[in-house]
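Predicted model only: the values in this text are computed from it and were never measured.
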Amino acid sequence: MQRLLAVLRCYKRTFSYQGVEDRGVYTLFLLLQSSWFALYLNTLTSTLNEISLLPLLFFLLPLISIASRRINDAGYSHWIILLVFFIPYLFFIFLCFPKTVDK
């Protein structure tokens with residue numbers, strides 16, 4: 001229950017790129033985002049053959065902000081977020097593995 005509340009908090013912090021995010025919360029958020037987007041693609045776009053901009057933004061914006069917070073938690077530079085635009089799927093999976101850096 002506590003993890004699901006943390007996932008909801010991630011949606012609320014969509015435009016916040018400061019702070020840190022736990023590895024478990026990030027992994028759960030990534031799984032939930034991927035599953036709802038796959039469901040969206042399967043149900044809504046199968047008949048229309050197009051992806052609407054609004055659901056795409058609801059998918060991408062929280063994912064980029066949580067990845068930025070996860071980068072902070074793993075101890076990497078913010079500039080590494082640019083990898084999202086070049087190798088997005090490998091980057092998001094990579095962030096599931098590094099542990100939190102002791103400050």
Side-chain angles (χ1 to χ4, degrees):
M1 183 67 176
Q2 191 175 21
R3 293 273 187 199
L4 291 177
L5 290 175
V7 168
L8 289 176
R9 192 176 61 244
C10 291
Y11 282 112
K12 290 179 184 176
R13 295 174 54 191
T14 295
F15 298 105
S16 171
Y17 298 95
Q18 302 298 321
V20 296
E21 204 62 61
D22 184 61
R23 178 176 36 181
V25 173
Y26 174 78
T27 304
L28 181 62
F29 186 80
L30 187 63
L31 290 172
L32 289 174
Q33 282 287 88
S34 300
S35 62
W36 87 257
F37 195 68
L39 180 67
Y40 165 75
L41 288 177
N42 189 29
T43 58
L44 296 179
T45 61
S46 61
T47 57
L48 301 175
N49 294 326
E50 65 182 29
I51 298 176
S52 175
L53 182 63
L54 192 59
L56 187 62
L57 287 177
F58 283 147
F59 175 71
L60 288 178
L61 291 178
L63 207 55
I64 291 172
S65 69
I66 195 172
S68 177
R69 290 191 303 271
R70 180 69 193 124
I71 287 171
N72 290 341
D73 193 42
Y76 294 106
S77 171
H78 279 293
W79 291 104
I80 208 164
I81 196 73
L82 294 175
L83 291 177
V84 168
F85 300 107
F86 298 112
I87 50 172
Y89 301 110
L90 294 176
F91 178 72
F92 287 125
I93 293 170
F94 165 75
L95 285 178
C96 294
F97 297 109
K99 64 179 187 171
T100 302
V101 174
D102 295 329
K103 305 249 179 193

Q. Under 3.5 Å, is there a donor-acceptor pair between the side chain of T14 and the main chain of Y11?
A. yes

Q: Check the surroundings of atom CZ in F58: do more than 12 heavy atoms from other residues, nucleotides or ligands lie under 6.0 Å from it?
A: no

Q.
Check whether N72 reaches the backbone of V20 with its side chain - one donor and one acceptor, N or O, closer than 3.5 Å.
A. no

Q | Linked, directly or transitively: L32 and F37 (ILVMFWY side chains, under 4.5 Å) | A | yes

Q | Any side-chain heavy-atom pair of D73 and Y26 under 4.5 Å | A | no

Q: Report yes or no: do I71 and L63 belong to one cluster of Ile/Leu/Val/Met/Phe/Trp/Tyr joined by side chain heavy-atom distances under 4.5 Å?
A: yes

Q | Within residues 14-34 or reaching into it, pairs that qualify as salt bridge (Lys or Arg N to Asp or Glu O under 4.0 Å) - sequence neighbours excluded | A | R3-D22, R13-E21, E21-R69

Q: Flag the pair L8 / L4 as yes when at least one side-chain heavy-atom distance between them is below 4.5 Å, and no otherwise.
A: no

Q: Can you see which heavy atom on S16 is nearest to which on S65, and at what distance?
A: O-CB, 3.9 Å

**Q.** Rounded distance [0.5 Å steps], CZ in R70 versus CG in L30
**A.** 11.5 Å

(Q) Can you tell me how the ring of F59 sits relative to the ring of W36, calling it parallel under 30°, perpendicular over 60° and tilted otherwise? (A) perpendicular

Q. Does a side-chain heavy-atom distance below 4.5 Å link F29 with P62?
A. yes

